[in-house]
Colleague: 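What follows is a single structure, and I will ask about it in a moment.
Keep in mind it's a predicted model, so treat the numbers as computed, not measured. Convention: sequence-line order gives letters A, B, ...; per-chain numbering from 1.
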Protein chains: 4
Amino acid sequence: MASGIRPGVAVHRVATTGPDDVAGLERLVRAGDLDPAGIVAILGKTEGNGCVNDFSRGFATQSLKLFLQGHVGREAAGRVCLVMSGGTEGALSPHWIVFERRESDEPAHGPALAMGSAITPDLPPEHLGRRAQVEMVARGVADAMERAGIADPAEVHFVQIKCPLLTAARVAEAEARGSATATRDTLKSMGLSRGASALGVAAALGELAIGEIPDDAIGTDMGLWSGRASTSAGIELMGHEILVLGMSPDWTGPLAIDHGVMRDAADIGPVRAALARLGLGASGQLDAPARARVRAVLAKAEASRTGNVRGLRHTMLDDSDISATRHARAFVAGVLAGTVGMTDLFVSGGAEHQGPDGGGPVAIIAERG
Amino acid sequence: MASGIRPGVAVHRVATTGPDDVAGLERLVRAGDLDPAGIVAILGKTEGNGCVNDFSRGFATQSLKLFLQGHVGREAAGRVCLVMSGGTEGALSPHWIVFERRESDEPAHGPALAMGSAITPDLPPEHLGRRAQVEMVARGVADAMERAGIADPAEVHFVQIKCPLLTAARVAEAEARGSATATRDTLKSMGLSRGASALGVAAALGELAIGEIPDDAIGTDMGLWSGRASTSAGIELMGHEILVLGMSPDWTGPLAIDHGVMRDAADIGPVRAALARLGLGASGQLDAPARARVRAVLAKAEASRTGNVRGLRHTMLDDSDISATRHARAFVAGVLAGTVGMTDLFVSGGAEHQGPDGGGPVAIIAERG
Amino acid sequence: MASGIRPGVAVHRVATTGPDDVAGLERLVRAGDLDPAGIVAILGKTEGNGCVNDFSRGFATQSLKLFLQGHVGREAAGRVCLVMSGGTEGALSPHWIVFERRESDEPAHGPALAMGSAITPDLPPEHLGRRAQVEMVARGVADAMERAGIADPAEVHFVQIKCPLLTAARVAEAEARGSATATRDTLKSMGLSRGASALGVAAALGELAIGEIPDDAIGTDMGLWSGRASTSAGIELMGHEILVLGMSPDWTGPLAIDHGVMRDAADIGPVRAALARLGLGASGQLDAPARARVRAVLAKAEASRTGNVRGLRHTMLDDSDISATRHARAFVAGVLAGTVGMTDLFVSGGAEHQGPDGGGPVAIIAERG
Amino acid sequence: MASGIRPGVAVHRVATTGPDDVAGLERLVRAGDLDPAGIVAILGKTEGNGCVNDFSRGFATQSLKLFLQGHVGREAAGRVCLVMSGGTEGALSPHWIVFERRESDEPAHGPALAMGSAITPDLPPEHLGRRAQVEMVARGVADAMERAGIADPAEVHFVQIKCPLLTAARVAEAEARGSATATRDTLKSMGLSRGASALGVAAALGELAIGEIPDDAIGTDMGLWSGRASTSAGIELMGHEILVLGMSPDWTGPLAIDHGVMRDAADIGPVRAALARLGLGASGQLDAPARARVRAVLAKAEASRTGNVRGLRHTMLDDSDISATRHARAFVAGVLAGTVGMTDLFVSGGAEHQGPDGGGPVAIIAERG
C-alpha cells in the first residue's frame with residue numbers, strides 16, 4: 001500500500017427491529033458514516049432460537065445481501081462475510097456488528113485493531129470433523145492473519161469462523177466416492193465442524209500443536225480448546241469464511257481489542273481483566289462514559305457437560321422445553337451485562353472446543369482511552 | 001421470654017437432586033444441625049417452568065410435608081410456611097432455604113437477623129386484587145414484624161408472602177353472594193394477588209401511604225412498588241402466609257440481612273452496595289471466603305413492560321416459545337452470579353409492584369464479618 | 001370477457017424444503033405448468049411457531065416476492081396476495097398453495113371453482129376491531145365475490161383474508177388525532193382484527209346480519225361466527241387482502257370446492273360430509289386415487305376457551321411451554337389426516353369468530369370425479 | 001382357584017384435575033365400585049412434558065402411593081404396578097386407567113379380558129440395552145402370560161412394561177466391577193431400555209426369534225419391532241414391572257381387548273379394523289353409544305426417523321422448541337380422536353422397537369356388544 005496510507009477498522013454496532021431490518025445500516029450509509037464498499041464482515045445477533053429451526057438467520061442473510069447488492073452489486077456483495085448467530089435470550093438486544101475497512105493517512109499511535117479475512121477452498125465432506133478440517137482452517141487463519149498484518153499469534157484476539165455442515169446430499173456424494181463421513185446427522189455435523197474449526201484456530205495460534213489433535217479428540221476431548229475462536233456452522237458454503245481480529249502496528253485507528261477466557265458460566269474475572277487492559281477497569285459496572293467507548297462484546301456461552309457450575313447442579317441439559325444453548329446464552333449475557341452494563345452483546349452458543357467446557361472466549365473491542 | 005434467652009435465626013441452604021429430594025434435610029436433622037421443631041419456613045427453588053403448569057412446586061410441597069410430618073406430626077407441619085418458586089433457568093441450581101428458629105443464651109452483639117411470621121384470615125374472593133387485600137396484608141405484615149421484634153420498618157429487609165388466587169369455584173362462590181371478583185381468569189388473579197400483596201408490604205413498611213393505592217392502580221400503576229416484597233401466589237390457602245426478615249436488637253446470632261432494589265435487569269449497583277454494607281464489598285466477584293459467608297440471595301426478576309432495557313429492545317415479551325419470566329430469571333441470575341459467584345440463588349418471577357418495572361428487590365443474608 | 005373464453009382456477013400444492021424454497025415453483029414455471037403472470041394468490045404453510053416471533057413468514061414472503069419479481073416485475077408482483085400461515089406442528093408438511101387464473105375456451109360443465117380477490121383501502125387504526133372494520137371487510141368480500149362471478153353467497157366456500165394489525169406507531173398516530181384504538185397491544189390487535197374480519201365475511205355471506213355485530217361483541221361473543229372465513233393478521237398493509245373461493249357457473253375447469261364446519265377439535269363429521277359431496281366419500285381414510293384428486297385442504301384450529309373438548313379437560317390453555325394454537329394445529333391436523341390421509345394440510349390458528357369456539361371451518365378443493 | 005370362581009378385569013378410566021388428583025379414585029372406592037385391594041395396576045396420562053424433566057410423573061406416583069397406602073397399607077401398595085406416561089398434548093385429557101381384578105362366579109361366555117403381572121429381578125446395569133435384558137423381559141412376559149391364563153401368544157394384545165434406566169451411580173457401580181454399560185447417558189439409556197424391553201416382548205410373543213436380536217440391533221435396527229409392546233423407563237426400580245393384557249377363556253367379564261399396528265402416524269386403518277373386530281365398526285366416527293363401550297385406548301406415537309410421513313417432510317425432528325415426542329403425541333391423538341371421538345386416550349411416546357418407525361401399536365379395551 002502507498003506509504004503513509006494505513007488501513008484501519010471501523011466497527012458499527014446497529015440496533016435492529018427485526019431480522020430483516022437494514023434501516024439502521026441505510027441510515028449510516030446516507031449519513032456518510034459507513035461506506036458499503038468497505039464492508040468486510042457483518043455479524044448479526046438475530047432473534048430466532050439459535051438452534052436448528054432458526055429462520056431469523058436465513059432471513060437476515062437474505063436481507064443483508066439485498067442491502068449490499070443494492071450498493072455494491074452482486075459480486076462484491078458475495079465477498080462480504082456474513083455470520084448470523086441466532087438467540088437473543090434474556091435481555092439480549094438484536095443487532096448488527098459491521099466491520100468496515102478504511103484507509104487513513106493518520107499516523108499510527110501504536111498497534112490498532114486490525115482485521116483480515118480468508119475463504120478456504122471447499123472442504124470435502126469426508127474431512128468434516130476430522131484432522132484435515134483442522135489443518136485447512138489453520139492454513140486459512142494463517143492467511144487471514146497475514147492480511148491483517150499480524151505476525152505474532154499472541155496479538156490475535158478473536159477469530160470468527162463460519163464453517164460448513166453436512167447435508168444428506170453431501171453425505172451421499174462422499175459415500176458415492178467410497179468415503180464415509182464422520183457422521184450422517186446434520187446437527188452432529190454442525191458440532192463437529194464448529195469444534196474442528198476451533199481447533200484449527202488453536203493450531204494456527206499456537207495454543208495447541210497439531211499433533212495434539214487426533215481425529216477422535218474432535219468433539220470428545222474438551223480439554224483441548226482455543227481461547228480465541230468463535231465458530232458457527234452454516235449451510236451456504238462448503239468452505240470456511242474466516243475473520244481474524246487482533247492488534248497490528250501496521251493498522252491505524254482509535255480501536256483496540258483484547259480478550260479473556262471464562263472458565264465457567266459465571267467467571268467474570270478474565271473479562272474484567274481484559275477490560276482493565278483496555279483502560280476500562282472499574283470496580284463494579286462500567287459507567288456511561290466507559291460504555292460509550294465499547295464497540296463490541298463477542299462471547300461464547302455453553303452449558304457445562306458436567307451438569308454442574310462450581311460444583312452445583314444446573315438443569316440446562318435436562319430441560320426438554322428449552323435447549324441448553326438458549327439457557328446458557330441468557331445466563332452468560334446476564335453475567336456480562338452485570339459488568340459492562342450493556343445488553344447488545346454478541347453472545348453465541350455452539351462452543352465446542354471454544355474455551356473450556358462450560359466457559360468460553362470473550363473479546364472486547366473498545367476505543368482506547 | 002426468659003431473660004438471657006434470645007431468639008436467633010439459622011438459615012440452611014440445601015442443594016436438591018429433584019423437587020422431592022429431602023435427603024439433604026434429613027442429613028441435617030440426623031447430624032443435629034437442624035431441629036425440625038424449629039423450622040418456621042422453607043423456601044424452595046424448584047426446577048419446573050415457574051409458570052402455570054409447573055408441577056415441581058406441588059411435588060415439592062407434598063414431599064416437604066411428608067418430611068415435616070414424619071418429624072413433628074401433621075399439626076405442627078401445617079404451621080410451617082412453604083413457598084415454592086419454580087424456574088431454575090440458566091445456571092440456577094435447585095435448592096431449599098430453611099429458616100430455623102433457635103433459642104440462645106448468647107448475648108446480643110448488636111442487631112441480628114430476625115424473623116416473624118403471620119397467617120392472615122381467609123381473603124374473601126371479591127377482595128383479591130383490591131384495596132381490601134392490600135389492607136389485610138398490611139395488617140399481617142405488622143403482626144409478623146411484631147413477632148420478629150422489629151419496631152422500625154426500615155429494619156425490615158425482605159417480606160416473603162404466599163398469597164391466594166382465584167379458581168372458578170371461588171369466583172362462582174363470590175358471584176353467588178352477589179359480589180363480582182376483580183377477574184375470572186386464574187392466571188390474571190395470580191398477578192393481581194401478588195401485586196396487591198406487594199402493595200400491602202409497601203403500606204406496612206411506610207414505602208407508600210395506603211391512600212396512594214386505589215383499587216385501579218393495582219396491576220396497572222407500575223410506579224407504585226415495594227422494594228422489599230417478594231410475593232408468590234398459590235392454590236393451597238385463601239389466606240396469606242407472611243414471613244418478615246429483618247434486623248432486631250432483640251435477636252441474636254451471627255447472621256445479618258440487607259437489601260437493594262435493582263432498577264432494571266442489569267442494575268447490579270444496589271446489590272453491590274448491600275453487599276458492602278454487609279462487609280462483603282469487593283471490586284469484582286466475591287472470592288471463596290466471602291461466598292462462604294453468604295447464606296441466601298433472594299431476588300425478583302421480570303421483563304420490563306416497556307420492551308427495553310436501558311433503551312435497547314429486548315425480545316422477552318415477544319417470545320412465544322419461552323415465557324418472559326423464564327427469560328428474566330435466567331438473565332438476572334447471571335447478573336447476580338457475576339457479582340456473588342454463586343448459582344444457588346433464590347431468583348423468582350412474578351414481580352408485580354415488587355421493585356420498579358423491569359427491576360426488583362434483592363436481599364442478602366450473610367454472616368457478619 | 002370474450003364469448004367462449006371462461007376463466008378457471010388451477011391450484012398447485014408444492015412441497016418446500018424451507019421457508020425460502022421456491023425451487024418447486026420455478027420447476028412448475030419451467031415445465032410450463034404454471035404461468036407466473038396468472039398467479040393471483042399464494043398461501044404458504046411455513047415452519048415457524050405461527051405465533052408472534054415467527055420469522056418463517058417474513059422470510060417466505062420476501063422469498064416469494066423475489067421469485068415473482070423475477071418473472072413479472074415489481075408492480076405485478078405487488079398485486080399477488082401472499083398469505084403465510086406459520087406452524088407445521090405434528091406431521092404437518094410445509095408447502096405452498098398457488099392459485100393461478102387461466103383462461104380457457106372449454107365449455108363449462110356446470111359450476112366450477114371460481115376465485116375473486118379484492119384489496120380494501122387502508123383501515124384507520126381506530127377502526128380496527130370495531131364495527132367499521134366489519135363493514136369494510138363485508139364490502140371487500142362483496143367486491144371479490146363479484147369478480148369471482150359468484151352471485152349466491154351460499155356458493156362461497158372459503159374466504160381467506162389477510163388483515164392489518166396495530167403497531168405502537170399506528171396507535172400513536174390515531175391518538176395524535178384524538179382517536180383511541182381498541183387496544184394498544186399488538187398481539188391483542190391481531191386477534192381483534194382477525195375476529196372483525198371474520199365477522200365481515202359472515203355479514204357479506206348473510207351468515208349474520210350486520211346489526212347483530214355490535215362493537216363489544218368483537219372478540220367476546222364467540223356465539224357469532226362465520227363458517228367460511230380464514231383470517232390472518234400481518235404487518236405489511238393497513239388494508240385487507242381478500243381472496244374468495246367458491247363455485248360459479250361462469251367459470252370452467254376440473255376443480256370444485258366444498259366446506260364443513262368442525263364444531264369441536266375432533267368433529268370430523270362435517271369434513272366427511274363435505275368430502276362426500278365432492279364425490280370423495282369413503283368409510284375410513286381416503287385411498288391413494290382419492291387422495292390424488294384432492295388439491296387443497298384449508299382449515300382453522302383452536303383450543304376451546306372452555307378448557308374442555310366434549311366435557312373432558314384439555315391442557316392447551318394452561319401450557320406455559322407450548323402455545324395453545326400450536327397444540328390445536330397439531331391435534332386438528334391429526335384429526336384431518338386420519339380421514340384424508342394427507343399431511344400437507346393448510347391448518348392455521350387464530351380462529352376468532354371463525355367457526356364455533358374450539359372448532360373451525362374446513363374447505364376442500366378437489367377434482368370432480 | 002375354586003371351581004366356578006373366575007377372575008375378571010374391571011377397567012376404570014378416571015379424569016383428573018391434576019397429577020395429584022386422586023379424588024376420582026376415592027369416589028369410586030366410597031361408592032363401592034372399586035376395591036383398592038383388587039388394584040393390580042394404574043396407568044396415568046399426566047400433564048407434564050413427557051420428556052426428561054417431567055415432574056408430573058413423580059408427583060402422580062407419590063400421590064397414588066399415598067392413596068393406596070391409605071387403603072391397603074404400605075406393603076400391598078408397593079405391589080401395585082404404577083406406570084405414569086407424561087404428555088397430554090393437543091386435546092389429550094389427563095386421566096388414570098385402573099386395572100382391578102375381581103373374582104366372579106359368573107360363567108364365562110367365551111374369552112374375556114385377562115391380565116397378568118410380573119416383576120423381574122433387578123437388571124445388572126451392564127445388561128441394559130443388551131440381549132440379556134431382552135431375555136430377562138421375555139421370561140417376565142412369559143410369567144405374566146401364565147398368570148393371565150393366556151397360553152397362545154396370539155391372544156396377548158398389549159404388554160405394558162416399566163423398565164429401568166441408568167444413572168451415573170449405576171454406571172459407576174458397574175464400572176467398579178469391571179463391566180462397561182451400553183451408555184453413560186441417562187436419556188440414551190432410557191431409549192435403549194425401552195427398546196430392549198419391547199424386543200423382549202417380541203421374543204416372548206413369537207413376533208421375533210431371539211436369534212434375530214443381536215446386541216447391536218437394539219436401538220438401531222428399526223425393522224425389528226413388537227406390535228404389542230408399550231414400554232416406559234423409570235428411575236424407581238432396576239427390575240421390570242410387566243403387565244400383560246389379552247384374552248383368556250379362563251377369565252370372565254364383559255370386556256375384550258384387540259389391537260392393531262399403525263404403520264405411520266396417520267395409519268388409522270388397523271385401528272378401524274381392531275374396532276370392527278370388537279363390534280365397534282363404523283363408517284366415520286364412533287357415535288355416543290359406541291364410545292360409551294370403550295374402556296381404554298392405549299397407543300404409542302413417534303416421529304418417523306426418516307423425516308417423512310408418506311413421502312412428505314415433517315418438521316418434528318428439527319424443532320428445537322418442541323420435542324419430537326410431544327409433536328407425535330399431539331398428532332396421533334388427533335388421528336385416533338377423529339375415529340374414536342374421545343380425547344382421554346393413553347397415547348405415549350418413546351416407541352423404540354414398538355411398531356415400525358413412525359408408527360406404533362394401538363390396543364382398545366371395550367365392552368363386548
Side-chain angles (χ1 to χ4, degrees), chain C residues 15-18 47-49 87-95 264-269 271-273 281-285 287-288 291 301 303-304 308-316 318-319 321-323 326-344 358, chain D residues 15-18 47-49 87-95 264-269 271-273 281-285 287-288 291 301 303-304 308-316 318-319 321-323 326-344 358:
Chain C
T16 61
T17 61
E47 55 208 274
N49 63 25
T88 55
E89 294 79 13
L92 282 174
S93 192
H95 62 284
D264 65 34
D267 188 24
I268 198 63
V271 181
R272 295 177 49 79
S283 66
Q285 199 172 88
D287 60 15
R291 292 203 297 271
S304 53
N308 293 321
V309 176
R310 302 186 183 185
L312 288 176
R313 180 171 73 103
H314 69 69
T315 57
M316 296 189 269
D318 286 338
D319 191 334
D321 299 309
I322 299 177
S323 160
R326 305 205 73 185
H327 277 292
R329 271 191 299 269
F331 185 83
V332 170
V335 173
L336 296 173
T339 280
V340 297
M342 298 161 50
T343 57
D344 44 353
Chain D
T16 61
T17 61
E47 56 209 273
N49 62 24
T88 54
E89 294 80 11
L92 280 174
S93 192
H95 60 285
D264 65 35
D267 188 23
I268 198 62
V271 180
R272 294 178 50 78
S283 67
Q285 198 171 89
D287 60 14
R291 294 202 298 270
S304 54
N308 293 321
V309 177
R310 303 188 182 183
L312 288 177
R313 179 172 75 100
H314 69 70
T315 58
M316 296 187 268
D318 287 338
D319 191 334
D321 299 310
I322 299 177
S323 161
R326 305 204 73 185
H327 276 292
R329 271 191 299 268
F331 184 82
V332 169
V335 173
L336 296 173
T339 280
V340 298
M342 299 159 51
T343 57
D344 44 352

Colleague: Below 4.5 Å, heavy-atom pairs only: which of C/Thr315, C/Val309, C/Asp318 has the largest tally toward chain D?
Modeller: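 Result: the option with the highest number of such pairs is C/Thr315.
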
Colleague: Does anything in residues 329-342 of chain D form a side chain to side chain donor-acceptor pair (under 3.5 Å)? List the pairs, not counting sequence neighbours.
Modeller: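 Qualifying pairs, neighbours excluded: D/Glu89-D/Arg329.
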
Colleague: Using heavy-atom distances under 4.5 Å, tell me whether D/Asn308 contacts chain C through its side chain, its backbone, both, or neither.
Modeller: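 Answer is neither: D/Asn308 stays 4.5 Å or more from chain C.
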
Colleague: Under 3.5 Å, is there a donor-acceptor pair between the side chain of C/Arg310 and the main chain of D/Gly341?
Modeller: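 Present.
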
Colleague: Only pairs of heavy atoms separated by less than 4.5 Å count here; which of D/Ala301, D/Ala333, D/Ala303 has the most with chain C?
Modeller: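 Looking at each option in turn, the highest pair count goes to D/Ala333.
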
Colleague: Partners of D/Arg313 by salt bridge (charged side-chain N to carboxylate O under 4.0 Å, His left out), sequence neighbours excluded?
Modeller: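 Counting only residues at least two positions away or on another chain, D/Arg313 forms a salt bridge (charged side-chain N to carboxylate O under 4.0 Å, His left out) with C/Glu47.
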
Colleague: For chain C, which of D/Asn49, D/Thr16, D/Asp264, D/Leu336 has the most heavy-atom pairs under 4.5 Å?
Modeller: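 Sorted descending by pairs with chain C, the first entry is D/Thr16.
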
Colleague: Among C/His314, C/Met342, C/Arg326, C/His327, which residue forms the greatest number of heavy-atom pairs with chain D at distances under 4.5 Å?
Modeller: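 Among the listed options, the one with the most contacts to chain D is C/His327.
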
Colleague: What distance do D/Asp319 atom CG and C/Thr88 atom OG1 have between them, rounded to the nearest 0.5 Å?
Modeller: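 These two atoms lie 7.5 Å from each other.
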
Colleague: Which answer fits D/Leu92, side chain, backbone, both or neither, if we ask what part of it has an atom under 4.5 Å from a heavy atom of chain C?
Modeller: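 Answer is backbone: N, CA, C or O of D/Leu92 sit under 4.5 Å from chain C.
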
Colleague: Do you know which of D/Ala328, D/Ala91, D/Gly338, D/Ala337 has the most heavy-atom pairs with chain C at a distance under 4.5 angstrom?
Modeller: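 Of the candidates given, the most pairs with chain C belong to D/Ala91.
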
